[in-house]
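What follows is a short report on a single structure.
Quick note: numbers below take in every heavy atom, side chains included, and nothing from hydrogens, waters or symmetry partners.
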Amino acid sequence: MVKVDDRREDEEERLRGQAEIWDVMLAFVDSMALKCAVELGIPDIINSHGRAITLLEITNAIKTNSQLSSSPDINCLSRIMRLLVRKRVFSSQSHPEAGETDETMLYNLTPSSKWLLRDSEFSLVPMVLFEHNPRLMAPWHYLTKCVQEGGFAFEKTYGTQVWDYALANPDINKLLNDAMECTARIIVVTLLAAYKEGFDGIETIVDVGGGTGMVVIEIVKAHPHMRGVNFDLPHVVAAAPEFEGVKHVGGDFFVNVPHADAVIMKWVLHDWCDEDAVRILKNCRKAIPKDTGKVIIVDFVLKPDGKELFDHMGLVFDMLMMAHSSNGKERTEVEWKKLLNDAGFPTYKVIKIPTLGSIIEAYPY
């Protein structure tokens, strides 16, 4: 006979399972509300007032900023803000001299929404706009076909790789470059603080797949004795800003890599399958001194059961690689060890840093 307590526990577990499926099923609603807030510039509007503000003040600023002839829908906005308050993107409180109504609620920034300020040195706005662009979201609908018949979601959607698609579509290319630059800016500050001794003894460094050069420029700023090379596809480095001590070089890392004392790669190898990643790493090995050189990799080291702050995001980025790359993936330490060994790097060290990903130092000796 099943006890009443057992039935109650089974029913609670079943109900919890239903709630979890609803939460995962409609998780896109949170990100769409976030995109809306970013496109409307709501974090910047609140920040410009320097205090908590009402919905009316927000809508007035939206009207002015967008040069609208009609007033924004305050009811629509209130419902979006209510959800984002629930997600701790914004905070809300009732006006001290008025009742608790939608019109009198005061909205303010939180530690989360401060990452959505466009003029902030560290802003995730470009990444929000890139990942939620309709053309970048379309490949997600092809994951099922990838499982059923193989192939790559982005290529099934557009018939080409994301890099070639960006080259043919300047607006997407700009979104991509801006997104990579904003994340590079965030990560390089942590890198420089947590990896100070890692640059000791290095006189020349090449950033492979360096985009517009944000990482290597900041490294050279912090270590003026060093000389840096920003190495990426020609059309990418064409948009890179000039900086004393940094040379921008266009090329193909599958062919060769410029010579230097050390190579750094941020979020590069996760874009490629193991075979291609080994090819890139072998070219990096040829580019550095065989007795003193090293490759500095900034990428996720997956911990599928990890409980640390960014462990879940590593799994999310692994899915991003399925949607936007051609067979790219995030890797566990076991997978990194094999990859590095196959490329001629028998020794490596993983260094945790307080941001997305870790540092993997690889040595050819």
Side-chain angles (χ1 to χ4, degrees), residues 43 88 109-128 130-131 176-202 205-226 228-232 240-241 243 245-246 260-271 294-303 306-318 320-321 330-333 336 348-362:
R88 299 190 298 277
L109 300 177
T110 65
S112 296
S113 47
K114 288 178 181 178
W115 287 92
L116 301 175
L117 299 173
R118 291 176 183 267
D119 293 334
S120 171
E121 182 181 2
F122 306 111
S123 173
L124 283 169
V125 166
M127 183 59 80
V128 173
F130 174 73
E131 291 296 347
L176 175 61
N177 287 342
D178 289 348
M180 294 302 99
E181 184 175 313
C182 88
T183 55
R185 182 179 289 110
I186 292 168
I187 290 174
V188 74
V189 170
T190 304
L191 177 69
L192 291 172
Y195 189 65
K196 293 178 182 178
E197 297 179 358
F199 296 108
D200 290 349
I202 297 176
I205 188 168
V206 56
D207 186 357
V208 172
T212 54
M214 174 59 63
V215 170
V216 73
I217 286 174
E218 292 301 320
I219 291 173
V220 170
K221 278 184 184 179
H223 303 274
H225 70 281
M226 292 174 60
V229 174
N230 176 45
F231 183 65
D232 211 313
F243 186 82
V246 174
D261 295 327
V263 166
I264 186 167
M265 287 185 285
K266 181 194 76 71
W267 291 7
V268 171
L269 295 179
H270 72 173
D271 288 323
K294 65 179 175 181
V295 173
I296 305 162
I297 301 164
V298 183
D299 246 320
F300 277 104
V301 177
L302 279 186
K303 295 182 178 179
K307 305 297 182 183
E308 295 182 10
L309 192 59
F310 292 107
D311 283 340
H312 174 69
M313 197 49 54
L315 300 177
V316 172
F317 265 67
D318 189 42
L320 280 174
M321 295 305 101
E330 305 297 348
R331 296 173 171 90
T332 64
E333 184 170 349
W336 276 114
Y348 75 94
K349 179 168 60 176
V350 176
I351 303 169
K352 293 182 180 180
I353 53 177
T355 187
L356 291 174
S358 298
I359 296 170
I360 307 162
E361 276 190 344

Return yes if some donor-acceptor pair links the side-chain N/O of [X] with the main-chain N/O of [Y] below 3.5 Å, else return no.
{"X": "Asp318", "Y": "Glu330", "answer": "yes"}
{"X": "Arg88", "Y": "Pro111", "answer": "no"}
{"X": "Ser123", "Y": "Leu117", "answer": "yes"}
{"X": "Lys114", "Y": "Ser120", "answer": "no"}
{"X": "Asn230", "Y": "Gly211", "answer": "yes"}

- Task: Taking side chain to side chain contact (heavy atoms under 4.5 Å, CB included) as the test, write out the residues that go with Arg118, two or more places apart.
- Result: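 With sequence neighbours excluded, Arg118 shows a side chain to side chain contact (heavy atoms under 4.5 Å, CB included) to Val38, Asp44, Val125, Leu129, given in chain and number order.
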
Identify the two heavy atoms, one from [X] and one from [Y], that lie closest to each other, and give their separation to 0.1 Å.
{"X": "Leu116", "Y": "Val128", "result": "CD2-CG2, 4.1 Å"}
{"X": "Asp178", "Y": "Pro126", "result": "O-CB, 3.5 Å"}
{"X": "Ile202", "Y": "Met226", "result": "O-CG, 3.1 Å"}
{"X": "Leu124", "Y": "Cys182", "result": "CA-SG, 4.3 Å"}
{"X": "Asp271", "Y": "Met321", "result": "OD1-SD, 3.5 Å"}

- Message: Between Lys352 and Glu308 (salt bridge meaning N to carboxylate O under 4.0 Å), is one present in this structure?
- Response: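 Looking at Lys352 and Glu308, the cut-off is met.
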
- Task: Using the test ring-ring contact (aromatic ring centres under 6.0 Å, His included), find all partners of Phe199 that sit at least two apart in sequence or belong to another chain.
- Result: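 ring-ring contact (aromatic ring centres under 6.0 Å, His included) list for Phe199, sorted by chain: Tyr195, His223.
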
- Whether Phe300 and Trp267 hold their rings parallel, tilted or perpendicular, with breakpoints at 30° and 60°: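 Parallel, since the angle between the ring planes stays under 30°.
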
